[in-house]
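Note that the structure is predicted; figures quoted are calculated from it, not measured.
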Amino acid sequence: MLADDELVARLRERDESAFVLILDEWSAGMLRLARSLVSTRESAAEVVQDTWLAVIENIDRFEGRAALKTWVYRILVNTARRRAAREARAVPMSALAPSDPDDGPTVDPDRFQGPDEPYPGHWRALPSTWPEHRAVAGELRSRLEQALAELPERQRVVITLRDVAGYPADEVCAILDISAANQRVLLHRARGYVRGRLEAYFDDRA
């Protein structure tokens with residue numbers, strides 16, 4: 001991948017090959033993130049398309065205060081949130097989130113590795129029973145997607161960026177414009193809920 005300054009310069013010159021390069025590299029991850037914010041895959045695809053159009057229209061105003069990819073992902077998140085708000089207008093009041101959408105199930109902090117351990121913040125141990133047969137892989141993936149869909153929006157976006165897309169904490173904070181402490185809390189709650197849902201699935205299969 002080209003350095004940001006060269007890539008931005010080529011995009012401002014309307015270099016089609018530079019645009020195709022980032023389109024191919026980033027679109028799959030953008031689609032996953034958009035899908036965590038809107039109701040359908042088709043809607044997520046439209047969010048990605050609208051994001052790329054906004055990038056083309058606004059590249060001359062890119063100031064370089066963040067990485068180009070971070071800037072693009074911020075546009076994606078804002079575009080997806082606007083679409084999600086339009087979609088939510090059809091949802092009955094009884095189905096709306098609680099007053100504090102970041103509240104939710106969590107887990108004992110002792111189940112995570114501490115700052116002096118090899119993988120701080122990661123689980124100390126996997127669930128006691130893991131299904132071994134390949135036939136359950138599709139069902140497990142479906143359960144994971146369902147668990148992610150049940151999370152409050154901000155938890156869902158953070159865990160999607162961190163654990164699905166593999167972004168480091170500082171980039172997630174930059175994309176979502178949140179503090180490091182807030183990012184840690186959201187990720188902790190999201191991981192706790194998803195792990196609980198998957199553990200229940202493993203226990204059922206056992």
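Side-chain contact between Leu187 and Asp163 is present, with at least one heavy-atom pair separated by less than 4.5 Å. Contact annotation: the side chain of Ile178 approaches that of Arg154 to within less than 4.5 Å [non-hydrogen atoms, C-beta and beyond].
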- Item | Derivation and outcome, side chain to side chain contact (heavy atoms under 4.5 Å, CB included), residues Arg35 and Thr160 | CA-CA 10 Å; Arg35 183 64 186 88; Thr160 298; over 6 Å; no
- Message: Does Glu153 form a salt bridge (Lys or Arg N to Asp or Glu O under 4.0 Å) with Arg81? I'd like the steps, not just the answer.
- Response: CA-CA 9 Å; Glu153 179 205 284; Arg81 283 176 170 163; 2.7 Å; yes
- Task: Show the numbers, then the answer: is there a side chain to side chain contact (heavy atoms under 4.5 Å, CB included) between Gln146 and Arg197?
- Result: CA-CA 9 Å; Gln146 182 181 352; Arg197 297 283 278 121; 3.4 Å; yes
- Pair Ile159-Leu186, side chain to side chain contact (heavy atoms under 4.5 Å, CB included): steps then yes or no: CA-CA 8 Å; Ile159 196 173; Leu186 292 168; over 6 Å; no
- Message: Quick one, Ser17 with Arg10, criterion side-chain hydrogen bond (donor to acceptor under 3.5 Å, both in side chains). Give me CA distance, side-chain angles, the key distance, then yes/no.
- Response: CA-CA 9 Å; Ser17 64; Arg10 289 175 59 177; 2.9 Å; yes
- Message: Let's go through Leu176 and Leu161 carefully: what are the C-alpha distance in whole Å and the side-chain angles of both, what is the deciding distance for side chain to side chain contact (heavy atoms under 4.5 Å, CB included) to 0.1 Å, and is it a yes or a no?
- Response: CA-CA 10 Å; Leu176 301 179; Leu161 284 168; 4.1 Å; yes
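Taking the six-membered ring for Trp and the full ring otherwise, Trp26 and Tyr73 have centroids separated by 6.0 Å or more.
The backbone N or O of Leu33 lies less than 3.5 Å from a partner atom in the side chain of Ser36, making a donor-acceptor pair.
The nearest pair of heavy atoms linking Ile175 to Arg74 is O-CG, 3.1 Å. Counting all heavy atoms, side chain and backbone alike, Arg162 lies closest to Ala169 at NH1-CB, 3.7 Å. Considering all non-hydrogen atoms of both residues, Leu151 and Val194 come closest at CD1-CG2, 4.0 Å. Here the shortest heavy-atom pairing between Val38 and Ala44 reads CG2-N, 3.5 Å. The shortest non-hydrogen separation linking Cys173 to Gln183 is SG-CB, 3.7 Å. Considering all non-hydrogen atoms of both residues, Met30 and Thr51 come closest at CE-CG2, 3.6 Å.
Residue Glu16 qualifies as open at atom CD: its count of foreign heavy atoms under 6.0 Å is 12 or below. No more than 12 heavy atoms of other residues, nucleotides or ligands shown are found within 6.0 angstrom of CZ on Arg41. Under a cut-off of 6.0 angstrom, the local environment of CG in Asp177 is sparse, with at most 12 non-hydrogen atoms contributed by other residues, nucleotides or ligands. Heavy-atom neighbours of Arg65 CZ from other residues, nucleotides or ligands within 6.0 Å: at or below the threshold of 12.
Taking CG from Asp15 and CD from Glu6, the interatomic distance works out to 9.5 Å, rounded to the nearest 0.5 Å. Atom CZ of Arg83 and atom OG of Ser39 lie 8.5 Å apart (nearest 0.5 Å). With rounding to the nearest 0.5 angstrom, the CG atom of Asn58 is 12.5 Å from the CG atom of Leu11. Rounding to the nearest 0.5 angstrom, the gap separating the OG1 atom in Thr79 from the CH2 atom in Trp52 is 12.0 Å. Interatomic distance, CG of Leu7 versus CG of Leu21, reported as 6.5 Å (0.5 Å rounding). To the nearest 0.5 Å, the span separating CD on Glu57 from CD1 on Ile75 amounts to 10.0 Å.
The salt bridge (charged side-chain N to carboxylate O under 4.0 Å, His left out) search around Arg61 returns none, not counting sequence neighbours.
A continuous path of hydrophobic side-chain contacts links Leu23 to Leu68 [ILVMFWY only; heavy atoms under 4.5 Å]. Val48 and Leu53 end up in different hydrophobic clusters when Ile, Leu, Val, Met, Phe, Trp and Tyr side chains are linked at under 4.5 Å.
Of the N and O atoms on the side chains of Tyr193 and Gln155, not one donor lies less than 3.5 Å from an acceptor on the other residue.
The aromatic rings of Phe62 and Trp71 sit tilted relative to each other, their planes meeting at an angle between 30° and 60°.
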